[in-house]
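Presented below is the structure to which this report refers.
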There are 4 protein chains.
Amino acid sequence: MDSSSGVPFYRQVIQQIEQAILTGMLEPGDRLPTIRSLAIDLKINPNTIAKAYNELEIRGIVTTQVGSGTFVSDRRPDSAESERKKRLEELVGRFVAEMAAMGMDRKATLELVREFKED
Amino acid sequence: MDSSSGVPFYRQVIQQIEQAILTGMLEPGDRLPTIRSLAIDLKINPNTIAKAYNELEIRGIVTTQVGSGTFVSDRRPDSAESERKKRLEELVGRFVAEMAAMGMDRKATLELVREFKED
Amino acid sequence: MDSSSGVPFYRQVIQQIEQAILTGMLEPGDRLPTIRSLAIDLKINPNTIAKAYNELEIRGIVTTQVGSGTFVSDRRPDSAESERKKRLEELVGRFVAEMAAMGMDRKATLELVREFKED
Amino acid sequence: MDSSSGVPFYRQVIQQIEQAILTGMLEPGDRLPTIRSLAIDLKINPNTIAKAYNELEIRGIVTTQVGSGTFVSDRRPDSAESERKKRLEELVGRFVAEMAAMGMDRKATLELVREFKED
DNA sequence: GTGGTCTAGACCACC
DNA sequence: GTGGTCTAGACCACG
């Protein structure tokens with residue numbers, strides 16, 4: 001959890017779970033950590049996890065069995081390709097705009113991306 | 001104004017003005033639109049514009065002359081170089097991570113940035 | 001609010017709003033009651049209303065402008081056509097099954113749907 | 001068992017048994033499946049079946065003979081007509097509302113119900 | 001004054 | 001022990 005990013009905790013949780021599903025770390029049918037255990041792990045309030053799980057359920061990404069847990073839903077992200085492209089487009093677009101706002105043109109931006117080293 | 005992006009209006013205003021200065025559309029000494037006229041233009045609350053102008057003034061990018069308006073200041077918006085670098089680093093880092101999360105490696109990411117076309 | 005029905009308050013709120021949109025009492029662009037005013041009206045906790053509004057937003061039925069209110073969204077269910085069809089199929093399927101479980105065959109079911117009068 | 005409907009399993013079991021009695025599939029004096037066999041059949045926890053049978057007994061719909069099984073009692077399940085109508089009304093109402101929320105008017109809804117084919 | 005986020009805690013239904 | 005519902009209250013960002 002990154003409390004300084006301004007991104008709400010529950011949204012960070014959602015992203016991480018979507019991430020895990022995308023990368024195959026979580027597969028359809030897999031059980032998510034219980035609300036309480038994850039809350040303890042992340043050191044945040046259980047209700048915050050519950051809110052994240054709830055949104056994932058409304059969006060059809062997971063399903064909930066009261067009394068037994070929360071599971072990755074079978075429905076695959078079939079919206080898939082088009083949705084994925086849309087999201088990539090959006091990601092790149094926002095990045096280019098932010099870099100431009102910092103005074104970096106496309107060439108300079110490319111240079112920075114190329115040379116970026118992960119910690 | 002993009003009300004669906006989650007970026008606060010006042011921050012969008014700030015970015016657009018910085019952008020305009022960077023591109024030369026606004027030059028040192030130029031007068032910015034009045035708070036009220038801009039508010040009407042953008043169809044948002046005048047307080048929101050005021051907040052943006054205020055933050056721009058704090059950062060030394062514009063100066064306010066009570067009674068006559070708000071002007072682009074002479075000082076270039078060079079918020080200390082180190083700070084700037086830090087922010088760029090952060091921007092690029094987050095972007096690279098998000099793209100990786102979508103399954104794009106550095107090469108694919110560069111390709112997308114290179115080919116991105118603004119609307 | 002019917003506290004004896006077993007249906008959670010927030011779900012009752014959702015249904016009533018969907019209902020109001022259905023009947024045209026609420027139209028795209030209309031502003032919903034504020035969370036707090038509705039909470040007072042219905043004599044329940046504001047957070048409960050917020051939960052209902054939140055779910056409506058996730059489902060794309062309303063949109064929220066922090067600071068100014070919650071509005072009936074104009075976007076129609078743009079969720080990709082295939083996704084939409086799937087959901088409709090699911091909705092109808094479950095309904096037909098439930099009616100069958102109550103001993104109603106297709107003909108009787110159609111009759112009931114045809115004659116249903118909104119409150 | 002429909003785990004996505006939100007209706008508790010034990011209540012679904014109750015409904016199905018009431019249903020079976022209503023339609024004559026089960027008659028007074030008939031023996032219900034044992035708790036364990038039904039649990040295996042439906043792939044749910046035996047406690048859940050037990051809870052359903054228990055509630056049916058409280059309501060006088062079945063009687064239990066320890067050591068020999070659970071039997072349909074003589075009293076007919078006539079909580080009957082008014083309750084039944086209320087439930088049907090509710091079922092249809094919610095369905096119509098959900099379809100409306102998906103942008104389907106009454107006519108389109110009827111069409112979908114008419115043409116729905118079970119798997 | 002608008003909604004958003006987070007915490008905390010109580011009580012319930014289900015397995 | 002699982003998640004669900006509801007209340008309460010604090011603090012924040014936005015208009």
Side-chain angles (χ1 to χ4, degrees), chain A residues 1 3 5-13 31-40 42-57 62-71, chain B residues 1 3 6-13 35 39 42-52 55, chain C residues 1 3 6-13 31-40 42-57 62-71, chain D residues 1 3 6-13 39 42-52 55:
Chain A
M1 288 301 96
S3 65
S5 70
V7 181
F9 289 168
Y10 82 93
R11 210 162 281 285
Q12 293 184 40
V13 172
R31 185 178 153 178
L32 301 182
T34 69
I35 287 181
R36 283 157 189 164
S37 70
L38 189 51
I40 291 169
L42 302 180
K43 294 176 186 168
I44 61 181
N45 188 297
N47 284 343
T48 304
I49 311 287
K51 186 172 182 180
Y53 280 19
N54 186 27
E55 176 155 347
L56 287 167
E57 173 153 42
V62 308
T63 55
T64 267
Q65 288 286 73
V66 180
S68 70
T70 301
F71 302 83
Chain B
M1 291 298 100
S3 64
V7 180
F9 287 168
Y10 81 92
R11 208 162 284 283
Q12 293 184 40
V13 172
I35 288 181
L42 302 180
K43 293 177 187 166
I44 61 181
N45 191 305
N47 285 343
T48 306
I49 310 289
K51 187 170 184 180
E55 182 158 337
Chain C
M1 290 299 97
S3 64
V7 180
F9 288 168
Y10 82 92
R11 211 161 280 283
Q12 293 183 40
V13 172
R31 186 178 153 179
L32 300 183
T34 68
I35 288 181
R36 283 157 189 163
S37 69
L38 189 51
I40 293 170
L42 302 180
K43 294 174 186 168
I44 60 181
N45 189 296
N47 283 344
T48 304
I49 310 287
K51 186 173 184 182
Y53 280 19
N54 186 28
E55 176 156 346
L56 286 167
E57 174 154 41
V62 307
T63 55
T64 267
Q65 286 287 72
V66 180
S68 70
T70 302
F71 301 83
Chain D
M1 289 299 100
S3 65
V7 181
F9 287 169
Y10 80 93
R11 208 163 284 283
Q12 292 183 41
V13 172
L42 301 180
K43 294 176 186 167
I44 61 181
N45 191 306
N47 285 342
T48 306
I49 310 288
K51 186 169 185 180
E55 181 158 337

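All values below come from the heavy atoms of this structure, side chains included, with hydrogens, waters and symmetry mates left out. Residue numbering restarts at 1 for every chain, and letters A, B, ... go by the order of the sequence lines.
Nearest approach of A/Gln12 to A/Val7, heavy atoms of both residues: NE2-O, 2.8 Å. Of all heavy-atom pairs between C/Val62 and C/Tyr53, the closest is CG2-O, 3.9 Å. A pairwise comparison of heavy atoms in D/Ala39 and D/Asn45 identifies CB-C, 4.3 Å as the closest pair.
When rounded to the nearest whole Å, the span between CG of C/Asn54 and C1' of E/dC6 equals 14 Å. A straight line from CZ of A/Arg36 to C1' of F/dG4 spans 10 Å, rounded to a whole angstrom. The interatomic distance linking D/Gln12 (CD) with E/dC15 (P) rounds to 9 Å, in whole Å. In this structure, B/Leu42 places its CG atom 16 Å from P of F/dC14, rounding to the nearest Å. Atom CD of A/Glu55 is separated from atom P of E/dC6 by 12 Å (rounded to the nearest Å). Per the geometry, CZ belonging to D/Arg11 stands 10 Å off P belonging to E/dA13, to the nearest Å. The OH atom of C/Tyr10 sits 20 Å away from the P atom of E/dG3 (whole-angstrom rounding). The distance from atom CD of C/Gln65 to atom P of F/dC14 is 12 Å, rounded to the nearest whole Å.
Here the side chains of A/Leu42 and A/Thr48 are not in contact, with every heavy-atom distance at 4.5 Å or above. At a threshold of 4.5 Å between non-hydrogen side-chain atoms, the residues A/Val13 and A/Met1 count as touching.
At a cut-off of 3.5 angstrom, the base of E/dG3 holds no donor-acceptor pair with the side chain of C/Asn47.
At a threshold of 4.0 angstrom between heavy atoms, the contacts of A/Arg31 are confined to the sugar-phosphate backbone, with no base atom among them. When heavy atoms are screened at a 4.0 angstrom cut-off, C/Tyr53 is found touching no nucleic acid atom at all.
Figure legend. E/dC11 is base-paired to F/dG4; pairs are counted as Watson-Crick or G-U wobble with both atom distances under 3.5 Å.
Of the candidate nucleotides E/dG4, F/dC6, F/dC14, F/dC6 has the atom lying nearest to any side-chain atom of C/Phe9. The side chain of C/Val66 lies closest to F/dA13 when the candidates are F/dA13, F/dG3, E/dC6. Between F/dT5, E/dC6, E/dC14, one nucleotide has an atom nearer to the side chain of D/Pro8 than all others, and that is E/dC14.
Along DNA chain F, the nucleotide nearest C/Val7 and the nucleotide nearest A/Pro33 are compared for position; the residue whose nucleotide lies closer to the 5' end is A/Pro33. Both B/Thr48 and C/Asn45 sit near DNA chain F, but only C/Asn45 has its closest nucleotide nearer the 5' end.
Between A/Lys51 and the phosphate of E/dT5, there is a side-chain N or O to OP1/OP2 separation shorter than 4.0 Å.
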